[in-house]
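Encoded as structure tokens, the structure appears first; notes follow it.
Everything quoted here is computed from the prediction, not taken from an experiment. The figures that follow rest on heavy atoms only: side chains count, while hydrogens, waters and symmetry mates do not.
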Amino acid sequence: MPAQQIAQNLAYINWTVLVGLGLGSFAAVVVARERAGAPRGYLAFTALCAAAFAALAWLSDGAIPVAVVGAAATGGAATGAGAAPRLATDPLVDQVRGAGLAVLAISAAAWAIAARRASPSIRFAAAAGLAGGALALAAAAYGWGGGIIPGLSLLAQLSVLSAATGGVFAAMILGHWYLVSPKLGERPLVLLARLLLWVLCLQLALFAAWVATGLGTGTAPF
């Protein structure tokens, strides 16, 4: 594989990992607060981490290569021997993706402050952050998947990956939180462990379905 193609793939992978950590960990702490009453210090710290991940994803979004498709986007010029065609992107879709990440980062930071102060605005921040993250994933899936129908498979992959990656990070932080606060109740940790088990089962089910039908092949740009 040419070095240029490797560099392009790394940009997509970096974006996916950062968004997964940001959106997934933020969703995990929102659920942990609403369903298990997790400690405020843990919620605020993890939400700030989610905000940092989302901000880094927003910054890395500019490193995503502007795509072309073969000769169609270059006026008939060849892309070169061995060069892999890249996906065509819509500037508006790119802007929506970046805006979603910005909303996620700002909302996660606001949620962390609200969680620390037990502010009533915390649910508004949660809704805004989750909506921004979902919008970013949807825009990425639509732009990189090549349309609505092909992008649905990529959206499912990105969503489940975000839940697994960010959920594991949030659970890991919570597990370490018990080292300094051993009297914490076990309910938040049990909740996150159960949710991660369901996410893992969903990943296995989707993998089996995609292997059987071929729907999950060729949708991602990397």
Side-chain angles (χ1 to χ4, degrees), residues 11-66 89-144 151 154-174 176-177 188 192 195 199:
Y12 287 107
I13 294 171
N14 182 60
W15 186 95
T16 302
V17 172
L18 289 173
V19 173
L21 287 169
L23 178 57
S25 60
F26 181 60
V29 293
V30 169
V31 173
R33 178 187 181 274
E34 296 293 333
R35 298 295 299 273
R40 294 182 185 178
Y42 159 75
L43 295 174
F45 176 79
T46 309
L48 286 176
C49 291
F53 286 131
L56 290 174
W58 179 78
L59 291 174
S60 70
D61 195 80
I64 299 295
V66 178
T89 58
D90 185 342
L92 179 60
V93 175
D94 294 341
Q95 293 173 7
V96 170
R97 189 179 67 233
L101 293 177
V103 171
L104 173 60
I106 295 172
S107 299
W111 191 93
I113 297 174
R116 193 68 180 176
R117 299 178 178 178
S119 171
S121 63
I122 189 170
R123 291 190 173 180
F124 174 78
L130 294 176
L135 181 63
L137 290 187
Y142 174 78
W144 301 341
L154 181 56
L155 177 60
Q157 294 182 49
L158 292 174
S159 300
V160 176
L161 180 62
S162 296
T165 306
V168 167
F169 176 82
M172 179 188 67
I173 296 298
L174 181 58
H176 284 78
W177 214 262
L192 291 184
L195 291 177
V199 170

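The two residues Ser107 and Ala125 come nearest to each other via the heavy atoms CB-O, 3.5 Å. Across all non-hydrogen atoms, the minimal contact from Ala140 to Leu154 is O-CD2, 4.2 Å. Between Val96 and Ala139, the closest heavy-atom pair is CG1-CB, 4.0 Å. The two atoms that bring Leu23 and Ala134 nearest to each other are CD2-N, 4.3 Å, heavy atoms only. Taking every heavy atom of both residues into account, Pro188 and Ala38 meet most closely at CG-CA, 3.9 Å. Across every non-hydrogen atom of Met172 and His176, the tightest pair is O-ND1, 2.8 Å.
Counting heavy atoms from C-beta outward, Leu155 and Ser159 have side chains that approach closer than 4.5 Å. A heavy-atom distance below 4.5 Å is found between the side chains of Val19 and Leu101. Between Val30 and Leu43, every side-chain heavy-atom pair lies at or beyond the 4.5 Å cut-off.
Residues passing the side-chain contact (heavy atoms from CB on, under 4.5 Å) test with Ala55, sequence neighbours excluded: Ala105. Residues that satisfy the ring pair (Phe, Tyr, Trp, His ring centres under 6.0 Å) test with Trp58, not counting sequence neighbours, are absent from this structure. Not counting sequence neighbours, the partners of Ala164 by the side-chain contact (heavy atoms from CB on, under 4.5 Å) test are Val199, Gln203. Contacts of Ala52 classified as side-chain contact (heavy atoms from CB on, under 4.5 Å), with partners at least two apart in sequence or in another chain: none. By the salt bridge (charged side-chain N to carboxylate O under 4.0 Å, His left out) test, Arg123 is found to be paired with Glu34, residues two or more places apart in sequence or in another chain being considered. The ring pair (Phe, Tyr, Trp, His ring centres under 6.0 Å) search around Phe169 returns Phe53, not counting sequence neighbours. Remark: Ala28 engages Ala170, Leu192 in a side-chain contact (heavy atoms from CB on, under 4.5 Å) (not counting sequence neighbours).
Annotation: salt bridge (charged side-chain N to carboxylate O under 4.0 Å, His left out) contacts involving residues 155-167, sequence neighbours excluded, are absent. Every pair passing salt bridge (charged side-chain N to carboxylate O under 4.0 Å, His left out) that includes a residue from residues 47-62 is listed here, sequence neighbours excluded: Asp61-Arg97. The stretch residues 37-56 participates, sequence neighbours left out, in no salt bridge (charged side-chain N to carboxylate O under 4.0 Å, His left out) pair at all. Pairs engaging residues 108-120 under the side-chain hydrogen bond (donor to acceptor under 3.5 Å, both in side chains) rule: Ser119-Ser121 [sequence neighbours left out]. The salt bridge (charged side-chain N to carboxylate O under 4.0 Å, His left out) analysis of residues 101-112, with sequence neighbours excluded, yields no pairs.
Aromatic ring pairs are classed by plane angle as parallel below 30°, tilted from 30° to 60° and perpendicular above 60°; the pair Tyr42 and Trp177 is perpendicular.
A distance of 8.5 Å separates CG in Leu56 from CG in Asn14, rounded to the nearest 0.5 Å. To the nearest 0.5 Å, the span separating CD1 on Ile113 from CG on Leu48 amounts to 7.5 Å. Rounded to the nearest 0.5 Å, atoms CG (Leu104) and CG (Leu135) are 10.5 Å apart.
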>> Show, in sequence, the C-alpha distance, side-chain angles and deciding distance for Ser162 and Leu137, and conclude whether the side chain to side chain contact (heavy atoms under 4.5 Å, CB included) test is met.
In response: CA-CA 9 Å; Ser162 296; Leu137 290 187; 4.0 Å; yes
